[in-house]
**Student:** 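Please see the structure below; I have some questions.
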There are 2 protein chains.
Amino acid sequence: MDSDDALLDAAFAALADPVRRRIIARLSRGPATVNELAEPFAITKQAVSKHIQVLEQAQLVTRTRDAQRRPVHLNPVRLEALTAWIDQYRLVREGQFRSLDAVLHSSAAASGTQAKDPS
Amino acid sequence: MDSDDALLDAAFAALADPVRRRIIARLSRGPATVNELAEPFAITKQAVSKHIQVLEQAQLVTRTRDAQRRPVHLNPVRLEALTAWIDQYRLVREGQFRSLDAVLHSSAAASGTQAKDPS
DNA sequence: GCCTTAAACAACCAAGAGGTTGATAAAGCA
DNA sequence: TGCTTTATCAACCTCTTGGTTGTTTAAGGC
């Protein structure tokens with residue numbers, strides 16, 4: 001599905017920034033506001049606010065309203081979706097390694113070898 | 001560690017691009033050359049070559065030499081490192097949810113405030 | 001030796017992302 | 001009602017990135 005692909009795209013792009021990864025790490029210890037999240041960084045609150053918008057678009061975090069505070073919460077469901085995506089290729093690849101190894105050990109390896117390309 | 005953090009940074013940034021993710025998907029079915037990888041995309045081989053350089057810097061793929069061909073191989077070890085990073089926060093967060101749930105049920109803080117639009 | 005092919009390198013360009021400062025809106029407190 | 005806090009919006013700047021075309025290197029085929 002394309003929308004799911006776009007969501008994966010947004011999620012990986014969000015985690016590609018070290019500041020956002022540290023925000024994720026901090027949120028894993030509980031919800032926090034923009035000001036609280038901005039403290040350990042040498043950047044302005046506006047910049048942190050932008051980072052949180054990116055994380056929110058990727059659905060990695062959600063925001064609730066508590067008076068004038070807007071605490072940010074982590075969304076573990078999306079994190080799980082990322083591991084699921086990675087695992088589908090990681091695990092397939094491990095299987096490929098085994099069969100490739102079998103090919104190398106049984107037949108003459110140096111010629112065409114695998115050409116496992118199904119497309 | 002910082003170097004490990006930089007490696008994580010490169011890996012997530014590499015997976016943040018849909019073209020590179022599709023390259024990963026294709027490589028999970030076996031090694032391939034730049035030309036083979038460039039075929040399904042409407043971009044030049046040079047662009048694909050750059051993408052592979054990015055993946056190589058992130059150590060998500062490796063390249064071997066076979067005459068004038070340079071087949072690209074997937075590196076599942078790095079993919080596993082990504083899932084490990086994600087899981088450390090995802091799993092912690094699941095524990096947090098239980099304690100947060102306890103707080104919400106006892107003190108009833110911020111009742112029913114979902115001013116959130118599911119865009 | 002010469003020619004073809006695979007792939008990288010170099011220079012360049014347009015678009016986007018991360019950051020800033022300044023102004024604005026919403027919610028509470030005096 | 002003003003005043004403060006929290007956080008966003010808007011405009012702007014700089015640097016990176018994805019893409020292009022053109023050139024160059026490396027390896028084989030003739």
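Only heavy atoms go into these numbers, but all of them, side chains included; no hydrogens, no water, no symmetry mates. Numbered from 1 within each chain, the chains take letters A, B, ... in sequence-line order.
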**Student:** Heavy-atom count around R69(A) CZ within 6.0 Å, excluding the residue itself: above 12?
**Tutor:** no

**Student:** For K45(A) and dG22(C), give me the distance from atom NZ to atom P, rounded to whole Å.
**Tutor:** 16 Å

**Student:** Using OP1 and OP2 only, check whether a side-chain N or O of R69(B) sits under 4.0 Å from dT5(C).
**Tutor:** no

**Student:** Rounded off to whole Å, could you give me the CD-to-C1' distance for the E36(A) and dA7(D) pair?
**Tutor:** 13 Å

**Student:** Picking from dA26(C), dG19(C), dA7(C), which would you name as closest to the side chain of R65(A)?
**Tutor:** dA26(C)

**Student:** Can you name the closest pair of heavy atoms from H73(A) and P31(A) and give their distance?
**Tutor:** ND1-CG, 3.4 Å

**Student:** Using the closest heavy atom to pick a nucleotide of DNA chain C for each, name whichever of K50(B) or N35(B) lands nearer the 5' end.
**Tutor:** N35(B)

**Student:** Whole-Å distance between dT16(D) P and D17(B) CG?
**Tutor:** 18 Å

**Student:** Take atom CD in Q57(A); do more than 12 heavy atoms of anything else shown fall under 6.0 Å from it?
**Tutor:** no

**Student:** Less than 4.0 angstrom between a side-chain N/O of T44(A) and OP1 or OP2 of dT20(C), yes or no?
**Tutor:** yes

**Student:** What are the two closest heavy atoms between Y89(A) and L74(B), and how far apart are they?
**Tutor:** O-CD2, 4.4 Å

**Student:** Side chains of R78(A) and L7(A): closer than 4.5 Å at any heavy-atom pair?
**Tutor:** yes

**Student:** Could you give the CZ-to-P distance, from F41(A) to dG18(C), as a whole number of Å?
**Tutor:** 13 Å

**Student:** Rounding to an integer number of Å, can you tell me how far R70(A) CZ sits from dT5(D) C1'?
**Tutor:** 14 Å

**Student:** If you check every side-chain atom of V34(A), which of dA7(C), dG18(C), dA7(D) has the closest atom?
**Tutor:** dA7(D)

**Student:** So, is Q53(B) near the phosphate of dA7(C), with a side-chain N or O under 4.0 Å from OP1 or OP2?
**Tutor:** no

**Student:** Choose from dG19(C), dT20(D), dC9(D) the nucleotide whose nearest atom is closest to any side-chain atom of A47(B).
**Tutor:** dT20(D)

**Student:** Tell me: CD of E39(B) to P of dA7(C), nearest whole Å?
**Tutor:** 11 Å

**Student:** Taking only N and O in the side chain of Q46(A), is any of them less than 4.0 Å away from OP1 or OP2 of dG22(C)?
**Tutor:** no

**Student:** What's A16(A) touching, base or sugar-phosphate or nothing? Going by heavy atoms closer than 4.0 Å.
**Tutor:** nothing

**Student:** Using atom CD1 of I52(B) as one end and atom P of dA6(C) as the other, report the distance to the nearest whole Å.
**Tutor:** 14 Å

**Student:** If you check the H51(B) side chain, which of dA7(C), dG18(D), dC9(C) turns out closest?
**Tutor:** dG18(D)

